[in-house]
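Read the structure below first, then the notes.
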Amino acid sequence: MVQPVPVITVDGPSGAGKGTISHMLADTLGWHFLDSGALYRVVGQACLLEGVGWDEQRAVADIARHLEVSFRTAPSGEVLVAYKGRDVSRTIRTEEGGRGASTVAAIPAVREALLARQREFRQPPGLVADGRDMGTVVFPSAPLKIFLTASARERAQRRYKQLIAKGENVSLPRLLEDIEERDARDSGREVAPLMPAEDAVVIDSTATAIDDVFAQVMQAVRDRGLLKA
Ligand code: DC
């Protein structure tokens, strides 16, 4: 029997460290990587560029259905994202980019439009998929599902440090408010809300260093027999 291409899903709220852990995992295993949040971010950005409001459900879904997006890894290792050939790598990562993504992601027709596109990333030898509904909706048969979480305060503090290091002028209370607002929208929506799959391994990183979190994830990878000698 042909074995399906293995997938490890990494879901959780914004700022829990999913991106870092997923990249480490994909590098260690030599597997492909799906940053599903980037697709929603590009839809939000495309709306701004096309003059479509994030709440114009039909027009936003139309954009998602015909999304001309491409991903390319630069020699520096940075993943470059383009919409209609135009580089949007930086703009999609701003706080506004996150708000737009979270808003358009609540539209059922947008999620439907991106489903097949996300599944196309499942290519040999394997896929690490980072998002909110990777284990519950997009890859429900994944042999390993991780749900990575941390308190909202800790996530806001981590984001604050990152932005300050980049020289940006930000306020911690405002970041905490944004994170709580985004959590409420991502968890409260009717379609594919953020929640752990029933069979997910839940890891709380609030008081755990990233290397220790990664060690726990690798243990789960070994336990499932996903690490080839
Ligand atoms: O992972 P991220 O912060 O780049 O995601 C941005 C937003 O996109 C997030 O707030 C909710 C939405 N999203 C989603 O609804 N489903 C996914 N699988 C990934 C992201």
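The structure displayed is predicted, hence computed values, not measured ones. Start at 1 and go down the list; that is how both ligands and their atoms are numbered.
- Between the side chain of R119 and the backbone N or O of V138 there is at least one donor-acceptor pair closer than 3.5 Å.
- Protein heavy atom nearest atom 19 (C) of ligand 1, with residue, atom name and distance: S36 OG, 3.4 Å.
- Taking 4.0 Å as the cut-off between side-chain N and carboxylate O, E190 and R111 do not count as a salt-bridged pair.
- For atom 3 (O) of ligand 1, the closest heavy atom belonging to the protein is R41 NH2, 2.9 Å.
- Looking at ligand 1, you won't find any N or O of D130 less than 3.5 Å from one of its N or O atoms.
- Polar contact check, Y40 against ligand 1: no nitrogen or oxygen pair lies under 3.5 Å apart.
- Neither the backbone nor the side chain of R185 comes within contact range of ligand 1; no heavy atom lies under 4.0 Å.
- In this structure, of V138, I179, D133, the residue bringing a heavy atom nearest to atom 18 (N) of ligand 1 is D133.
- Listed by number with element, the atoms of ligand 1 under 4.0 Å from a non-hydrogen atom of G131 are 18 (N), 19 (C).
- At a threshold of 4.5 Å between non-hydrogen side-chain atoms, the residues E95 and L163 count as touching.
- Distances from atom 5 (O) of ligand 1 to the heavy atoms of R99, M134, R132, R93 put R132 nearest.
- Ring geometry for F121 against F71 counts as perpendicular: the plane angle is over 60°, on a 0 to 90° scale with 30° as the lower cut.
- Every atom of ligand 1 with a heavy atom of D186 under 4.0 Å away is listed here by number and element: 9 (C), 10 (O), 11 (C).
- Residues D62 and R58 are not paired through a salt bridge, judged by the lack of any N-O separation under 4.0 Å between the basic side chain and the carboxylate.
- Ranking protein heavy atoms by distance to atom 16 (N) of ligand 1, first place goes to R111 NH2, 3.0 Å.
- In summary, of the residues considered (R153, R174, R155), a side-chain contact (heavy atoms from CB on, under 4.5 Å) with I179 occurs for R155 alone.
- Listed by number with element, the atoms of ligand 1 under 4.0 angstrom from any heavy atom of R182 are 3 (O), 6 (C), 7 (C), 9 (C), 10 (O).
- Among the atoms of Q118, none of the N or O lies under 3.5 angstrom from an N or O of ligand 1.
- In this structure a side-chain-to-backbone donor-acceptor pair under 3.5 Å is missing from T149 to D204.
- Between the side chain of S205 and the main chain of T208, no donor-acceptor pair closer than 3.5 Å is present.
- For atom 20 (C) of ligand 1, the nearest non-hydrogen atom from the set S22, S14, G37 belongs to G37.
- A side-chain contact (heavy atoms from CB on, under 4.5 Å) with I146 holds for exactly one of D130, V213, V217; it is V217.
- Residue contacts with ligand 1: D35 is placed with no nitrogen or oxygen under 3.5 Å of a nitrogen or oxygen of the ligand (distance criterion only).
- At a 4.0 Å cut-off, at least one heavy atom of R189 sits close enough to ligand 1 to count as contact.
- For the pair K18 and ligand 1, the shortest N or O to N or O distance does not fall below 3.5 Å.
- For W31 (side chain) and L25 (main-chain N/O), no donor-acceptor pair under 3.5 Å exists by modelled atom type.
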